[in-house]
> 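Below is one structure. I have some questions about it.
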Amino acid sequence: MKIASVTVDVPTMQTDRAFDYSIPEPWQGKILPGMRVIVPFGPRKVQGFVMGIKETSEAKKLKNLVQPMDLTPVLNEDLLHMADWLTEQTLCFKISALQVMLPAAMKAKYEKKIILNPAKREVLAEEAAALFINKEEVSWKEAEEAGLLPLLQKEIKAGHLDVFYSVKSKGRKKTVQKFYRAVSKEKLQEEIESLPANADKQKAVLQFFISAENDGVTSKEAADAAGASSATIKALADKGLLMKKQEEIYRNPFAHKNFKKTSPLPLTEEQEKAITPILKTIEEKKHETFLLYGVTGSGKTEVYLQSIQEVYEQGKEAIVLVPEISLTPQMVDRFKGRFGNDVAVLHSGLSAGEKYDEWRKIQRKEVKVVVGARSAIFAPFENLGIIIIDEEHETSYKQEENPRYHARDAAIYRAKQYNCPVILGSATPSLETFARAQKGVFKLLTLSKRMNSGRLPSVSIVDMREELRGGNRSMFSEELFEKLQDRLQKGEQTVLFLNRRGHSSFIMCRDCGYVAQCPQCDISLTYHRFSNSMKCHYCGYETGVPQTCPECDSEHIRYFGTGTQKVEEELAKLLPEARVIRMDVDTTSRKGAHERLLESFGEGHADILLGTQMIAKGLDFPNITLVGVLSADTMLHLPDFRSAEKTFQLLTQVSGRAGRHKLPGEVVIQTYTPEHYSIELAGTQNYDTFYQKEMMMRKMGSYPPFYYLSLITISHEDLLKVVGAAEKITKFLQAKLSPQSIVLGPAASPIPRINNRYRYQCLIKYKREPELPSILKTILEHSQQQKASEGLTISIDVNPYMMM
DNA sequence: CGAGGCACGTGT
DNA sequence: CACGTGCCTCGC
C-alpha cells in the first residue's frame, strides 16, 4: 500500500481523472482515501483529493506526494461515492463534485513566491537586491508589480533565487489564549503571602485562580473577575505562576442567543396519521421518500421534529434542508429549541470561518442534526437516519453553477446509501414531486387542516385594469387601501409583498419609448437608486442615469417597475401615520439585519412589513391579518414553462402568512391578468385543481414531469460561430437520439447576449435515453478541442430550472 | 489552470 | 541569428 490515486484541483477535461503518487515513508499507512493532500503537478504544487490507495500504477514514473493537508479524511467513503454519482449525473468535473461537498474555507489557497538563496545575497543585481532588504522572500505578485520579473528570472536561472509554490487551506481555525495555574493552589497561596503589601492586584488574581473551579480562562475573564488588568496576568505568567495555552475554539454565531427548550407537542390526528408510516420506515431501517403535503400552517415542522426525535433516540443523525431564503432565525430557533447544542446550522449568512466551524462540529460528531441550505446535503455524517427537505418546491435547491445538482435528487441518493427515509414537505409541491407521489414512487402524506384552528385566509383578487379604468392610478387598489386603513386603526399588522423578479426597475423615455440597454448584453439596465446609476445584472456594466433621452433628447424620462423604495414613499404620502419596515436587498445586506427587522416587526414596532420574495416564507406572527400582493403577475410572463407553477406557489405561500393564529386573515392580490388559472386558483388555495390544469399544460407542451429536459447553451463572441456550432450540435443529437426524443433549436437564448458573447441554446426533451449522458459527454469533449482553437463555450444543464 | 516549449515574427 | 509574442500541450 504505497501509491495514492489523486484527483487534482485543476478543473479541465484533460485532468479530470486520477493521477498516481507514491507515498513517502513517513506517511505510509497514514494517507487515506478522502484526505486532502498537496501534490506536485507539472512545475507547481496543487491540492488534491485521495481517491484510493493501491500497490501498483500504470504510470511510468511516479512523483512523491508532498504532504497530507488533513489528519483524518474530510470526505468519508459514502461521500466519495456520492462524488462519482454527482459527476455522472451533472457531467461536471470530479474535482468540482468533491469541492462542493466541503465548506469554501477548505479550498486551496495558492501562493507563488521567490526565495533568496542567502549565500547569494551579495551577488544579486542591485535592483533585485533592493527587493530583498530585510527579508528572504518576495511574493511573485509583488515582483511583477515592481516590473522586475525579467531580471529576477535571470537570477533564478543563475541559481541565486528559487521559485516556491505553497498550498494552504483558506480557512483558519480560531484559537484563543487561556491561562492555567502553573503550580498547585497551595503554592499560589504561599506566593500571595510572600508578595509585597502593595501588590494587591496580583494577589487578587492569584486568589481568583485559587478559588476558580476550573482554571483555563482568557486573560480578559481573569482580569475582569479579579478587578485587575491583563498586564497583571502577563506578569504572573512571566513569573511562572500561571501558564498560557493556545486553544482551538469554535466561532459561535449564536453566542448572544438563548434558546428556549421545547418539548414535543401533542400531535393532531392528522399529524399522527402522517408520522406513523415515517416512524415505521425509521424503525425498519428502510429507504422511502415521503411527500408531506400540508397546507401552510398545518404543522409540518412538528412532524419533522418528532421524526428526527425518533432517529435521534436511535443514535443516528438527521439532515434538514431549508431554502436559503427561509432559513430564518425563527426556523433555527425551532430546531435549536428542541435539540439544543446538538444542532449545527449552515447557511449563507455565516462567515466562511463560521461555516467551517459548524462543518467541523459535524465531522467530529459533536452534533446530531444539521439545518442548512442546499449544500448541507453533503454534511459529513456517517450514520444518517433521516433527510428532510422543507419547501420542497423551492427552485433554490437547484444549483445554477457546476455541479448543477438538485438537492432533492442528492437527498434521495444519500438516503438510499443509508437505508433511511426522505421527507419532502410542501404546501405547493413541485409538479415533478406530486406526480411521483400520484404514481406511488413517493408515498403521499397529507395535512389538510391548519393548526391553532386557524382558517385559511379569504382571498380577493383585484383587477388592476379595472382600477385604472376607474381612474385609480396609484399602486394600491381601493380595496387594498381601505383594508390597510382598517388594520391601521385596529392595530393589526399587514404584510405587503412586491414581486420584483422578472421586471426590475428600468427607465424609459415616454416620448420615443427608448429603454436603456446594456451595451454588452441584450438586456435592459436596472436603475439603482442607492448609487443613482444604471447597472447590468449580468456583466456588471455601470453607467450614469440619463437626464435626457439619448435617442430623442426628450426630458420625459420615466422610472418603471415599482421598487420597494417607491412603495415606501407612496405609503408615507398616503398613510403618513403608518410605521413601515422595508425588507429588500438594500436593507438586509448587513449581517443580522434580516433578523433584527423581523424581530422588530414581531414585537409590533411597525404596522406594515414591505418586502420582496424574502418575506414570502416562514414568517409566522399572530398579529398579521392582512397580506397584500401588489403585482401578482410579474413573473407570469417570464420565458419559462414553470412560470405558472412559480406564480401559484408564490401567491399561495404569501397568502399563508395571514391569519395563522386566532385572528382571521385576509389576502388581497392585485393583478393585470385575474383570469389566469395560476392566479385564480391561488385565490381559492386550490392546489389539486391547479395540479390537474398545469399537468395538462405540461403534457401538451411535452414538458416535465412528462419529459425530462437537458439544456445545452453555446456561447461565443462571434454570432456566426455560435449559430454554426449550435446547428452542428443539434444535428449530432438528432442523429444519435431515439425518434421519441425531441430536439428543439438551435434558438437564441432568452438573453441572447451576455458580456459580449452571443448565446444559442438547444433543448432536448426525452422520456428514456440511456445513452444521453455519454452523448452529452462526447459533445463536451469535442467542444474542449474547439474551445482552445475557437473560444467556444458549451455548458450543459441536465434537468434545468433556469432557461435563461 | 499555469508553465514551459516551440513556432513564428521583428529587428539587427 | 538574438529575443519577444502567442498558441499548444502536458501534468502522475
Side-chain angles (χ1 to χ4, degrees), chain A residues 1-25 27-28 31-33 35-69 87 92-100 104 106-115 125 139-145 147-159 161-170 401-403 716-718 721 780-795:
Chain A
M1 298 273 258
K2 48 184 184 339
I3 294 169
S5 158
V6 175
T7 298
V8 291
D9 179 20
V10 182
T12 62
M13 192 124 249
Q14 303 143 62
T15 52
D16 188 28
R17 64 192 170 88
F19 289 82
D20 293 340
Y21 290 89
S22 44
I23 303 172
E25 186 53 49
W27 306 116
Q28 275 187 34
I31 304 278
L32 301 168
M35 273 187 184
R36 297 178 303 159
V37 289
I38 298 172
V39 292
F41 196 65
R44 56 201 171 120
K45 277 184 257 169
V46 298
Q47 186 190 59
F49 288 84
V50 178
M51 306 307 289
I53 303 291
K54 51 189 189 178
E55 293 293 341
T56 58
S57 170
E58 315 276 89
K60 278 183 230 95
K61 46 183 195 284
L62 297 185
K63 283 188 186 171
N64 279 345
L65 64 74
V66 179
Q67 58 171 281
M69 293 176 81
T87 308
C92 70
F93 301 130
K94 182 67 60 64
I95 189 68
S96 318
L98 294 166
Q99 312 246 52
V100 80
M106 293 174 76
K107 265 192 119 180
K109 197 173 101 188
Y110 297 106
E111 219 179 336
K112 187 176 176 184
K113 289 185 277 197
I114 302 170
I115 311 255
S139 78
W140 188 269
K141 230 174 129 195
E142 204 179 316
E144 199 171 15
E145 275 156 19
L148 292 174
L149 274 190
L151 175 65
L152 294 181
Q153 227 127 32
K154 264 185 217 150
E155 299 282 5
I156 291 164
K157 261 203 190 118
L161 301 173
D162 280 315
V163 182
F164 185 79
Y165 299 84
S166 83
V167 183
K168 267 190 228 139
S169 208
K170 264 189 198 148
E401 311 108 62
N402 273 329
H716 191 274
E717 285 177 11
D718 182 350
K721 280 208 174 114
L780 232 34
E781 268 158 28
H782 199 76
S783 84
Q784 183 65 25
Q785 291 149 21
Q786 296 229 309
K787 189 186 165 91
S789 55
E790 296 181 46
L792 266 173
T793 309
I794 295 184
S795 79

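A note on names: the letters A, B, ... follow the listed sequences, proteins ahead of strands, and every chain is numbered from 1.
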> Base, sugar-phosphate alone, or nothing: which one does A/Lys60 contact when heavy atoms must sit under 4.0 Å apart?
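The residue A/Lys60 makes no contact with any strand.
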> If a pair satisfies salt bridge (Lys or Arg N to Asp or Glu O under 4.0 Å) and one of its residues is in residues 7-18 of chain A, list it, with sequence neighbours excluded.
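Found none.
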> Given atom CG of A/Asn402 and atom P of B/dC1, what is their separation to the nearest angstrom?
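It works out to 12 Å between those atoms.
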> Can you check the A/Lys107 NZ to B/dC1 P distance for me, whole Å?
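Between P of B/dC1 and NZ of A/Lys107: 11 Å.
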> Rounded to the nearest Å, what distance is computed from the CD1 atom of residue A/Ile95 to the C1' atom of nucleotide C/dG11?
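Spelled out: CD1 on A/Ile95 to C1' on C/dG11 is 14 Å.
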> Residues in ring-ring contact (aromatic ring centres under 6.0 Å, His included) with A/Phe41, at least two apart?
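Once residues adjacent in sequence are excluded, the partners of A/Phe41 under the ring-ring contact (aromatic ring centres under 6.0 Å, His included) criterion are A/Phe19.
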> Determine the contact category for A/Phe41: base if any of its heavy atoms lies under 4.0 Å from a base atom, sugar-phosphate if only primed atoms, P, OP1 or OP2 are that close, otherwise nothing.
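A/Phe41: base contact, heavy atoms under 4.0 Å.
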> Rounding to a whole Å, what distance do you find between A/Lys2:NZ and C/dC12:C1'?
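A/Lys2 atom NZ is separated from C/dC12 atom C1' by 15 Å.
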> A/Val6 vs A/Val37, test: side chain to side chain contact (heavy atoms under 4.5 Å, CB included). Steps then yes/no.
CA-CA 8 Å; A/Val6 175; A/Val37 289; 4.1 Å; yes
> Say whether A/Ser22 and A/Asn64, considering side chains only, have a donor N or O and an acceptor N or O under 3.5 Å apart.
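Yes, A/Asn64 and A/Ser22 have a side-chain donor paired with an acceptor closer than 3.5 Å.
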> What nitrogen or oxygen pairs link the protein and nucleotides 2-5 of chain B at under 3.5 Å?
{"unit_1": "B/dA3", "atom_1": "OP1", "unit_2": "A/Lys112", "atom_2": "NZ", "d": "2.8"}

> Output the rounded distance in Å from CG (A/Asp16) to P (C/dC10).
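Going from A/Asp16 (CG) to C/dC10 (P), I get 18 Å.
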> For the side chain of A/Thr15, starting at C-beta, report the closest nucleotide among C/dC12, C/dG11, B/dC1.
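Looking only at heavy atoms from C-beta outward on A/Thr15, the closest nucleotide is C/dG11.
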> Return the minimal non-hydrogen interatomic distance between A/Ile3 and A/Glu55, and the atom names on each side.
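Heavy-atom minimum between the residues: CD1-O, 3.3 Å.
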> Indicate whether OP1 or OP2 belonging to C/dC12 is found under 4.0 Å from a side-chain N or O atom of A/Lys63.
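A/Lys63 to C/dC12 OP1/OP2: side-chain N or O found under 4.0 Å.
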> Starting at OG1 of A/Thr7, measure out to CD of A/Gln99 and round the result to the nearest 0.5 Å.
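These two atoms lie 10.5 Å from each other.
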> Can you measure A/Met51 atom CE to C/dC12 atom C1' for me and round it to whole angstrom units?
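Atom-to-atom, A/Met51 to C/dC12, this comes out as 15 Å.
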> Taking only Lys NZ, Arg NE, NH1 and NH2, and the carboxylate oxygens of Asp or Glu, determine whether A/Asp20 and A/Lys54 approach each other closer than 4.0 Å.
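A salt bridge links A/Asp20 with A/Lys54.
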> Whole-Å distance between C/dC12 P and A/Arg17 CZ?
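Rounding to the nearest Å, CZ of A/Arg17 and P of C/dC12 are 10 Å apart.
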